[in-house]
Colleague: 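This structure is in structure tokens; I'll ask about it shortly.
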There are 2 protein chains.
Amino acid sequence: MTAPLHEAHPAGPGRALPDTQQGMRRRNLARVMHTVSAEGPLSRAAVASRIGLTRAAVSTLVDELIRSGLLEELGPERPGRVGRPGSALAVSGRGPAGIGAEVGVDHLAVCAVDLRGEIRARAVRHGVNRGRSPEPVLAELTALVRQVVAEADAEGLWPAGLAVAVPGLVARDGRTVVRAPNLDWHDTDLGALLPAELPPTVDNEANFGGLAELWLGETTPRDFLHVSAEIGIGAAVVVDGGLLRGTRGFAGELGHVPVRPDGPECACGGRGCLEQYAGEEAVLRAAGLEPGTDRVGLLANRAADGDEAVRRALHDAGTALGIALTGAVNLLDPQLVVLGGALSGLAPWLLPSLEAELARRTAGPPCPVSVSLLGPEGPLLGAAHSVVRAVLDDPAAVAERAGATATGRTVDIVAEQA
Amino acid sequence: MTAPLHEAHPAGPGRALPDTQQGMRRRNLARVMHTVSAEGPLSRAAVASRIGLTRAAVSTLVDELIRSGLLEELGPERPGRVGRPGSALAVSGRGPAGIGAEVGVDHLAVCAVDLRGEIRARAVRHGVNRGRSPEPVLAELTALVRQVVAEADAEGLWPAGLAVAVPGLVARDGRTVVRAPNLDWHDTDLGALLPAELPPTVDNEANFGGLAELWLGETTPRDFLHVSAEIGIGAAVVVDGGLLRGTRGFAGELGHVPVRPDGPECACGGRGCLEQYAGEEAVLRAAGLEPGTDRVGLLANRAADGDEAVRRALHDAGTALGIALTGAVNLLDPQLVVLGGALSGLAPWLLPSLEAELARRTAGPPCPVSVSLLGPEGPLLGAAHSVVRAVLDDPAAVAERAGATATGRTVDIVAEQA
DNA sequence: CTAATTTGTAAACCGCCATGACGAAATAGT
DNA sequence: ACTATTTCGTCATGGCGGTTTACAAATTAG
């Protein structure tokens, strides 16, 4: 009756995993974690009524989660309601943490997020990575990871996983960077170049940005299109609260949607791709500016200062985005389009022409467009939170590891290799 | 009781239905049904090993399904293998049936499909429906449905649900036709105009065509794009074995993807939509032919005869399709594109330019394109099978109704209103 | 004809949630 | 103040569902 989407989607009923009582237990543990995580401190009774189990059943589930260190008892609630007050439960601020990392064109960043979603440690290193080979870059990243892991350890956190955002296409294996034009990396197995003791997951920066919007955005629906541009233009397609990855993992390549079929040639072999009109390079050229560092900030400043050439360039980019998004909206019927990444800073000058184009080409009410509040932080946060979500999705799996790692064993391993 | 069409994806663990033992039982019943349905006659032991349960557990599940009349015991297998031969189980050819119906521009069709997937009854009525108001058309359809239900009843089948394919946009409620340009229907609640005793589900013809391809196609993968053109051009977006419907149910509107942003105006308000180049009307005009009945057959005949104007028109339509599909493929990264419906008959003349365009605009190996073998039968079969799938997806729900309907009560109700 | 293999079923067992009852801790009413 | 009421968390009991173990039945291999 259900089909899957995000990572752990149960395939059709025919091929789902055997449905046994242990599986039921695991799913119910997950439901408790998700409920407490999403709706703040909650009593056992409140959780029970929300997930449709009895108080007794929830009690045993909670006991198990507390023993595993994933939930904490905060003490009695102080309610105005009649009846015995419940004992507030909250997700633990100690225990497993999600480590997120980002390989940017001119920076590296790592952070640790606890189960509550708080950032507990972070490290950044500026420096141009474009054109450097993967090995030294990832060696630096590994050093940052170890630093953050050590910081987190000092706060009682152990790393439950590492997720790495890269600006490029990543295969569905979650390890291999197929093509990262801005880094000039091709078919690189990042999994082999990252800390072996901390199994890494690699994904596209746009995808993690979209997930961050999904998980952290205030009013983000479960179906939307998250458009982000760094140098290329990528989109995260979120359907029913999960990421649409595509067969090879290449879904969301909005930058190569044809906008004008006879337009200028593109590196992809096509003509008139969106990237030729709204990509960073194209916009800078149209604005009469040279490529360089912090080009987005430059564009925003110039536009704010009233530079006509820049404004026109952004206006035209918005038009092209509107055309490409019309196609995407017709195909996917999302509830919302979110402009994220570098686009969020340029939104004031992109939006008018973008929305006009979208409205002009849509029969009914056009798809609303909003601007991400996360900005450039999105991918890093999305990566870290993806690990946290994995813990919430299967707390039992983590509980098993917790025994081994509560003693700090993983931390030791990571540290001793530093 | 609802006959839910294939839903996109299960919600996250946080909002799933309470995970109780009854739910487990239901899912395991469904897994047995799916396995037997997909892999032909199978012994209990074979089913057990496939779904990962023990033989004992499968035995009780099978007993229940046999008592409900959903499975049949065919008798001992005749194997060359050592050991006691198993007793072959097959999906029952009696019991619940899926009723599929299609409202075409110039025909109505209804069929009944049993759990085995066999068509057991059908009725067609030719006659132009364009421009007629919904009430008389659906009254005729209802008569056909009753006729088919009566025929099915004579073979020991009772209707488990009715699914109706219409050439237009259908809201997510599965009842309301928002816009069917070729029928000139708007905001019509078909649910209210169909047999009340047989809860109907309404969906887009393109969606049902895509589902038919998914369920009945020989080599169809779980991620593909099924393009079908009758008068408009629609696509079914199939992701991980499920249909992507979009927020309002309007996903897959490939016909209004911009191909040339400054092209001719379209009824949707846009310019240069695919429909302006590859829609039936546009192609006929480009070929120098008049609109009329069986225009697709005419096009195919003329093209086969070597009519240059027709061939050029189809070549150009293929090019436009290629451009629009390039965008779709970049966005969704499907494993395959299938040309269905009217396009399948014209494929020989569309494919060369279509594939050339797709290949030219793709960096790596282009997305393969195939032609549906179901042709115009797709939507009707998809509709009927969607009901069958709903039964396979939750046999327990049907088993409850089976008691009431085994006596022919539903059939009587349907019949007595005739 | 015997040994080996596989199937289907029955009996005993275990895990998981539901049910119902109870004490604990708060509010509301007198 | 004191009691009734409400709600919370827990315990004991029970039902349900799949597993384990054992065994008879039916076939092939030697």
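Numbers restart at 1 for each chain; the letters A, B, ... are given by sequence-line order, proteins then strands.
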Colleague: Measure from the side-chain N and O atoms of B:S43 to the backbone N and O of B:A46, and report whether any donor-acceptor pair falls under 3.5 Å.
Modeller: yes
Colleague: Please report the distance, rounded to the nearest Å, between CZ in A:R27 and P in C:dG15.
Modeller: 18 Å
Colleague: Closest nucleotide of DNA chain C for A:R25 versus for A:E77: which of these residues is on the 5' side?
Modeller: A:R25
Colleague: Assess whether a salt bridge exists between A:E73 and A:R44, defined as any Lys/Arg side-chain N lying under 4.0 Å from an Asp/Glu carboxylate O.
Modeller: yes
Colleague: Assign a letter to each nucleotide of nucleotides 2-12 of chain C from its 5' end: B, base within under 4.0 Å of a protein heavy atom; S, sugar-phosphate only; -, no contact.
Modeller: ---BBBBBB--
Colleague: Between B:R25 and A:D19, does any side-chain N to carboxylate O distance fall below 4.0 Å?
Modeller: no
Colleague: Do B:F224 and B:Q335 pass the side-chain contact (heavy atoms from CB on, under 4.5 Å) test, and can you show the C-alpha distance, the side-chain angles, and the key distance before you say yes or no?
Modeller: CA-CA 5 Å; B:F224 66 99; B:Q335 197 169 339; 5.7 Å; no
Colleague: Would you mind reading off the distance between B:D19 atom CG and D:dG17 atom P, rounded to a whole angstrom?
Modeller: 14 Å
Colleague: Whole Å only: how far is the CG atom of A:L53 from the C1' atom of D:dG9?
Modeller: 16 Å
Colleague: Check if the side chain of B:Q21 and the base of D:dG17 share a donor-acceptor pair of N or O atoms closer than 3.5 Å.
Modeller: no
Colleague: Would A:R245 and A:D203 pass as an ion pair if we require N to O under 4.0 Å?
Modeller: yes
Colleague: Round to the nearest Å and state the distance from A:Q22 atom CD to C:dC17 atom C1'.
Modeller: 15 Å
Colleague: Only one of A:R116, A:R67, A:R94 passes salt bridge (Lys or Arg N to Asp or Glu O under 4.0 Å) with A:E72; say which it is.
Modeller: A:R116
Colleague: Between B:N28 and D:dG17, is there a contact of a side-chain N or O with OP1 or OP2 at under 4.0 Å?
Modeller: no
